[in-house]
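Only one structure is covered here, and it is reproduced in the block below.
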Amino acid sequence: MNIRKYLHQCLPEHAADRLEVYGQLMRVDKPIGTLLLLWPTLWALWVASEGFPDWTILLAFCFGTFLMRSAGCVVNDLADRKIDGSVERTNRRPFATGSVTVAEALLLLLILCLLAALCLIPLNQKTWLMSLPALFLAVTYPFTKRFFPLPQLYLGLAFSFGIPMAFAAVTGSVPPVAWLIFVANALWTLAYDTIYAMVDKEDDLKIGIRTSAVTFGEYDIAAIMLSHFWFTVLMLVLGGIIDATWPFWLVVPVVVYWQIRQYREIKSRNRAVCFINFLNNNRIGLAWFAGIAAHYLYIVL
């Protein structure tokens, strides 16, 4: 049974309709964003705790990741409410179809941020303080598309702030290795979100929205692969820092193969192909997490 049918069976019609719309604003039906945000946070938690994160901290970051990604989606739709109808991929979103009001979206945003704040309760003060720039980046990213030539890089910073927060929560400090993972993830985000931006490139050019795909122009694919390259290099450096065992290194050829495959496929610049390749980055994040987790497990065994 899908969620829509379940809601309409269990709730009054109006309440079910509103919850469905709010779920669309939060992208509950599209978990890819949450996963892409979660994987680097898990990398950091596993490295900071040497493979055995406290379950309270782990759950706090998992729920917090979902809530803040959802809040970011609400802010994004608020910022883009006047242009989403002009873009093929977004013309069925709640604001584009007139199914939600600004007041409703603002109230939902407030609730999500308050719930995310509750996730900070079991964490230390340093993590609380680091949540402030993380929140700032999350809520300002959607507006950078109006003036910043590389908003996907800005998103990379927003998507990476869970990394120093994870180290702060586990160790009470943010060592250099945390910032190494931070930069690696920012580069990865720039790569996959530029692929995502290629899907909307024609529409963005018409309405004057700035994206890395527009800024890089004919060099968009070269920029993507350069970002992938340095992301992988930094992950190799991470492997050296943690004295990674063979399970970690097994991930490297798999990831490189997937990156080369992305290059071959996105050369067509076909919208559908680019979108699929954007989604496929989820397995890269999962693979690196599996390699890191398996490394620490191998040490114990």
Side-chain angles (χ1 to χ4, degrees), residues 35-54 57-58 61 64-65 68 123-124 126-127 129-134 136-138 141 150 152-194 212 223-256 258-259 281-299:
L35 292 170
L36 291 172
L37 183 56
L38 182 61
W39 293 129
T41 305
L42 294 181
W43 305 342
L45 283 172
W46 253 251
V47 173
S49 64
E50 296 185 343
F52 298 94
D54 179 87
I57 295 176
L58 177 60
F61 272 91
T65 296
M68 286 311 301
L123 308 180
N124 58 38
K126 191 174 186 68
T127 313
L129 292 174
M130 296 202 71
S131 71
L132 297 177
F136 174 80
L137 290 168
Y141 156 70
L150 296 175
Q152 281 65 32
L153 180 59
Y154 195 92
L155 179 67
L157 302 181
F159 264 37
S160 300
F161 234 89
I163 295 165
M165 286 180 65
F167 274 89
V170 173
T171 68
S173 64
V174 185
V177 67
W179 296 113
L180 181 143
I181 302 173
F182 181 99
V183 174
N185 186 63
L187 289 168
W188 181 42
T189 307
L190 176 60
Y192 67 65
D193 210 53
T194 299
S212 54
I224 289 166
M225 298 315 299
L226 189 63
S227 298
H228 266 313
F229 172 79
W230 285 111
F231 159 54
T232 303
V233 168
L234 290 178
M235 293 301 284
L236 296 178
V237 174
L238 172 64
I241 291 173
I242 65 175
D243 292 324
T245 49
W246 63 266
F248 178 93
W249 302 112
L250 280 181
V251 172
V252 178
V254 176
V255 169
V256 171
W258 284 336
Q259 290 169 333
N281 276 275
N282 176 55
R283 62 189 182 185
I284 291 178
L286 171 59
W288 279 122
F289 172 64
I292 292 169
H295 154 66
Y296 287 110
L297 186 60
Y298 179 78
I299 291 176

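Quick note: residue numbers are just sequence positions, from 1.
- Residues meeting the ring-ring contact (aromatic ring centres under 6.0 Å, His included) test with Tyr298, sequence neighbours left out: Trp246.
- For the atom pair CG of Leu157 and CG of Asn185, the computed distance is 10.0 Å after rounding to the nearest 0.5 Å.
- In this structure, the separation between CZ on Phe52 and CG on Leu297 is 6.5 Å, given to the nearest 0.5 Å.
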Item to complete: Would you please test Val170 and Asp54 for side chain to side chain contact (heavy atoms under 4.5 Å, CB included) and show each step?
Response: CA-CA 8 Å; Val170 173; Asp54 179 87; over 6 Å; no

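- In terms of the ring-ring contact (aromatic ring centres under 6.0 Å, His included) criterion, Tyr296 has no residue partners (sequence neighbours excluded).
- Taking Val251 as the reference, Val255, Ala287, Trp288 meet the side chain to side chain contact (heavy atoms under 4.5 Å, CB included) condition, with sequence neighbours excluded.
- Leu155 pairs by the side chain to side chain contact (heavy atoms under 4.5 Å, CB included) definition with Tyr141, Phe159, Thr189, Asp193, not counting sequence neighbours.
- Shown here are the side chain to side chain contact (heavy atoms under 4.5 Å, CB included) partners of Ala138, two or more places apart in sequence or in another chain: Met68.
- Taking the side chain to side chain contact (heavy atoms under 4.5 Å, CB included) definition, one finds that Ile224 meets it with Ala191, Thr194, Ile195, Met198, His228, Ile266, sequence neighbours left out.
- The stretch residues 38-48 participates, sequence neighbours left out, in these side-chain hydrogen bond (donor to acceptor under 3.5 Å, both in side chains) pairs: Trp39-Asn282.
- For Thr171 (side chain) and Ser173 (main-chain N/O), a donor-acceptor pair under 3.5 Å exists by modelled atom type.
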Side chains of residues 237-245: which donor-acceptor pairs under 3.5 Å do they make with residues two or more places apart or in other chains?
unit_1: Thr245; atom_1: OG1; unit_2: His295; atom_2: ND1; d: 2.9

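- For Phe161, the ring-ring contact (aromatic ring centres under 6.0 Å, His included) partners at least two apart in sequence or on another chain are Phe182.
- If you take CG on Leu234 and CZ on Phe229, they are separated by 10.0 Å, rounding to the nearest 0.5 Å.
- Scored by the side-chain hydrogen bond (donor to acceptor under 3.5 Å, both in side chains) test, Ser131 finds no partners at all (sequence neighbours excluded).
- Side-chain contact between Phe231 and Ile284: present, with at least one pair of heavy atoms (C-beta onward) separated by less than 4.5 Å.
- Between Leu38 and Phe61, every side-chain heavy-atom pair lies at or beyond the 4.5 Å cut-off.
- The side-chain heavy atoms of Val254 and Arg283, taken from C-beta on, include no pair separated by under 4.5 Å.
- In this view, Trp258 satisfies the ring-ring contact (aromatic ring centres under 6.0 Å, His included) rule with no residue, not counting sequence neighbours.
- Residues satisfying the side-chain hydrogen bond (donor to acceptor under 3.5 Å, both in side chains) test with Thr127, not counting sequence neighbours, are Asn124.
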